[in-house]
Participant: 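Let me give you the structure first, and then I'll get to my questions.
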Amino acid sequence: MTTTFPDVTISTERLVLRPFEEEDVTALAEMMNDENITAWTSAPYPYTQADAHAWATRDSHAERTEGRGIVLAVTEFLTHRLVGIVHLRNTNWRTRATEVGYVTAPWARGEGYASESVLAVAQWLFREQGFERLELRTAADNTASQQVAQKIGCISEGVLRNAWTVRTQTAGGGWTDIRTDLIVWSLLPEDLDEGDGFDGYDGYESYDTHGGHDTHGAHPGHALPGQRSDANGHPVGADRK
């Protein structure tokens, strides 16, 4: 039984989703230092160049090679600018189910990139990889992430009470953790209505990685907005404006 995703690039009309490269480090560090991303993820703060370098050149690739999921840098087709991240995680290869998390850069919000990229990954996951369930968890107050889930056709399944921690800014300008509920969403192959704009991706192709991409370990504290991350800091989802 296959227990790793292929090394791929996924294209939509406006976006290219591909593995991270060393050239992404500067933009990644800038993106992850945004206040909204700090609030809705457990990524390190401040997010250093060293954090970004480890994620772009090693830890994101280990997610795929070690069978946990796959991490894709979301870039604009025309400008090649980094505009976000989509991360499949907690993958169960026996049940063909996985969880998605996502981040949108502050300079790219309001363009619908989160829903476009997550939907493209869902189509690829169901149609090309034979998966049967995609799960998304959003913090109870993260309405932007919930809107993304609704937009791509996810079904709300219930609430995990007091199940996560998020960050809020203090009067002194620092950050403190608070408990939050998580809303659980799911998307199944039959939920994709092909007649309602769900054919937004152009396909996928092999991606040839080059040099120096270590495949050891997972990045501690690299969550993706929406519901926070797991104990290792891996994502949950959000497109905060």
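None of these values were measured; they are calculated from a predicted model.
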Participant: Kindly indicate whether the side chain of Arg81, heavy atoms from C-beta on, has any atom under 4.5 Å from the side chain of Trp107.
Facilitator: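 Arg81 vs Trp107: side chains touch.
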Participant: Could you state the interatomic distance from OG (Ser60) to CG (Asp24), rounded to the nearest 0.5 Å?
Facilitator: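 Reported value, rounded in 0.5 Å steps: 9.0 Å.
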Participant: Check whether any side-chain heavy atom of His80 sits under 4.5 Å from a side-chain heavy atom of Val16, and report yes or no.
Facilitator: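 They are not in contact (no side-chain heavy atoms under 4.5 Å apart), so the answer is no.
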Participant: Which pair of heavy atoms, one from Ser156 and one from Ile183, lies closest together, and at what distance?
Facilitator: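 In this case the closest contact between Ser156 and Ile183 is OG-CG2, 3.7 Å.
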Participant: Might you point out which heavy atoms bring Val8 and Pro19 nearest each other, and give the distance in Å?
Facilitator: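 Closest heavy-atom pair between Val8 and Pro19: O-CD, 3.4 Å.
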Participant: Compare all side-chain heavy atoms of Pro6 with those of Gln129 and state whether any distance is below 4.5 angstrom.
Facilitator: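 A side-chain contact exists here, since the closest heavy-atom pair is under 4.5 Å.
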Participant: Donor-acceptor pair, distance only, cut-off 3.5 Å: does the side chain of Gln150 make one with the backbone of Ser145?
Facilitator: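 Pair absent, no side-chain N/O of Gln150 close to backbone of Ser145.
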Participant: Quick one: closest heavy-atom pair of Leu136 and Val100, and the distance?
Facilitator: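 Looking at all heavy atoms of both residues, the shortest contact is CD1-O, 3.4 Å.
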Participant: So, for Lys151 and Gly112, which heavy atoms are closest and what is the spacing to 0.1 Å?
Facilitator: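 Closest pair (atom of Lys151, atom of Gly112, distance): NZ-CA, 4.4 Å.
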Participant: Do Leu17 and Thr9 have side chains that approach each other closer than 4.5 Å (heavy atoms only, starting at C-beta)?
Facilitator: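 A side-chain contact under 4.5 Å is absent here.
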Participant: Flag the pair Val166 / Asp177 as yes when at least one side-chain heavy-atom distance between them is below 4.5 Å, and no otherwise.
Facilitator: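 No, side chains not in contact.
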Participant: Centres of the Trp124 and Phe131 rings: under 6.0 Å?
Facilitator: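 No, the ring centres sit 6.0 Å or more apart.
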Participant: Do Cys154 and Ile152 have side chains that get closer than 4.5 Å, going by heavy atoms?
Facilitator: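 A side-chain contact under 4.5 Å exists here.
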Participant: Mind checking whether Tyr113 and Tyr102 have ring centres under 6.0 Å apart?
Facilitator: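 They do not qualify: ring centres at least 6.0 Å apart.
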Participant: Between OG1 of Thr170 and CH2 of Trp175, what distance do you get to the nearest 0.5 Å?
Facilitator: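 Reported value, rounded in 0.5 Å steps: 9.0 Å.
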Participant: Of the options Val159, Ile155, Leu160, which is the one that meets Val184 in a side chain to side chain contact (heavy atoms under 4.5 Å, CB included)?
Facilitator: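 Of the listed options, the one satisfying the test is Leu160.
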Participant: One pair to check against side chain to side chain contact (heavy atoms under 4.5 Å, CB included): Leu187 and Phe126. What are the steps and the verdict?
Facilitator: CA-CA 10 Å; Leu187 190 69; Phe126 294 150; 4.1 Å; yes
Participant: Nearest 0.5 Å please: distance from the CZ atom of Arg167 over to the CG atom of Asn36.
Facilitator: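 Those atoms lie 12.5 Å apart.
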Participant: Distance check, rounded to the nearest 0.5 Å: Ile70 atom CD1 versus Thr4 atom OG1?
Facilitator: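 Interatomic distance, Ile70 CD1 to Thr4 OG1, rounded to 0.5 Å: 9.0 Å.
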Participant: For the residue pair Glu99 and Leu88, establish whether any side-chain heavy-atom pair is separated by less than 4.5 Å.
Facilitator: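 Contact flag for Glu99/Leu88 side chains = no.
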Participant: Test side chain to side chain contact (heavy atoms under 4.5 Å, CB included) on Ile10 and Leu72; report intermediate values, then the result.
Facilitator: CA-CA 9 Å; Ile10 300 171; Leu72 296 167; 4.0 Å; yes
Participant: Does a salt bridge link Glu135 with Arg133, judged by any charged N lying under 4.0 Å from a carboxylate O?
Facilitator: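 Yes.
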Participant: Who passes side-chain contact (heavy atoms from CB on, under 4.5 Å) against Gln49, sequence neighbours left out?
Facilitator: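 Here the qualifying residues are Val25, Thr26, Ala29.
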Participant: Does Thr48 offer a backbone N or O that forms a donor-acceptor pair with the side chain of His53 under 3.5 Å?
Facilitator: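 Side chain of His53 to backbone of Thr48, a donor-acceptor pair under 3.5 Å: no, none is there.
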Participant: Go through it in stages, so that I can follow the logic: the residues are Tyr45 and Met32, the test is side chain to side chain contact (heavy atoms under 4.5 Å, CB included), and I'd like the CA-CA distance, side-chain angles, deciding distance and then a yes or no.
Facilitator: CA-CA 8 Å; Tyr45 182 80; Met32 297 303 292; over 6 Å; no
Participant: Taking NZ, NE, NH1 and NH2 as the nitrogens, is one of them in Arg68 or Glu63 under 4.0 Å from a carboxylate oxygen of the other?
Facilitator: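 Looking at Arg68 and Glu63, the cut-off is met.
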Participant: Could you go through Glu132 and Thr95, starting from their C-alpha distance and side-chain angles, then the distance that decides it, and tell me whether this counts as side chain to side chain contact (heavy atoms under 4.5 Å, CB included)?
Facilitator: CA-CA 8 Å; Glu132 297 294 336; Thr95 63; over 6 Å; no
Participant: Please say yes or no: joined through hydrophobic side-chain contacts below 4.5 Å, possibly via intermediate residues, are Leu119 and Phe77 part of one cluster?
Facilitator: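 No; Phe77 is not reachable from Leu119 via cluster members.
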Participant: Residues in side chain to side chain donor-acceptor pair (under 3.5 Å) with Thr98, at least two apart?
Facilitator: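 Partners of Thr98 under the side chain to side chain donor-acceptor pair (under 3.5 Å) test: Thr91.
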Participant: Taking all atoms of both residues into account, what is the closest heavy-atom pair of Ala163 and Arg179, and its distance?
Facilitator: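 Taking every non-hydrogen atom into account, C-NH2, 3.9 Å.
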Participant: More than 12 heavy atoms of other residues, nucleotides or ligands under 6.0 Å from CD of Gln169: yes or no?
Facilitator: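 Enclosed: over 12 neighbouring heavy atoms sit under 6.0 Å from CD of Gln169.
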Participant: Under a 4.0 Å N-O cut-off, is there an ion pair linking Asp7 with Arg18?
Facilitator: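 Not counted as a salt bridge, because no side-chain N and carboxylate O are separated by less than 4.0 Å.
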Participant: Measuring only between side-chain heavy atoms, which start at C-beta, is Leu134 closer than 4.5 Å to Trp185?
Facilitator: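 The answer is no; the side chains never approach within 4.5 Å.
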Participant: Would you say Val83 ends up clustered with Leu78 if hydrophobic residues are merged whenever their side chains have heavy atoms under 4.5 Å apart, either directly or through other cluster members?
Facilitator: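 No; Val83 is not reachable from Leu78 via cluster members.
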Participant: Looking at His61 and Phe20, would you say the former's side chain and the latter's main chain have a donor-acceptor pair under 3.5 Å?
Facilitator: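 Yes, the answer is positive, given that a donor and an acceptor are paired below the 3.5 Å cut-off.
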Participant: Provide the closest heavy-atom pair for Met31 versus Leu82 in the form atom of the first, atom of the second, distance.
Facilitator: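 Answer, listing the atom of Met31 first, then Leu82: CE-CD2, 4.1 Å.
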Participant: In terms of side-chain geometry, is the basic nitrogen of Arg14 or Glu116 positioned less than 4.0 Å from the acidic oxygen of its partner?
Facilitator: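 So Arg14 pairs with Glu116 through a salt bridge.
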Participant: To the nearest 0.5 Å, how far apart are CG in Leu28 and CG in Asp51?
Facilitator: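 Spacing of CG (Leu28) from CG (Asp51) equals 9.0 Å.
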Participant: Who passes side-chain contact (heavy atoms from CB on, under 4.5 Å) against Arg94, sequence neighbours left out?
Facilitator: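 Only Asn92 meet the side-chain contact (heavy atoms from CB on, under 4.5 Å) criterion with Arg94.
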Participant: Return the OG1 to CG distance between Thr180 and Asn162, rounded to the nearest 0.5 Å.
Facilitator: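 Separation between the atoms: 8.0 Å.
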Participant: Looking only at side chains, do Thr57 and Glu22 share a donor and an acceptor under 3.5 Å apart?
Facilitator: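 No, no side-chain donor-acceptor contact under 3.5 Å.
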Participant: Can you classify the ring geometry of Trp93 versus Phe5 as parallel (below 30°), tilted (30 to 60°) or perpendicular (above 60°)?
Facilitator: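 The arrangement is tilted - the two ring planes meet at 30° to 60°.
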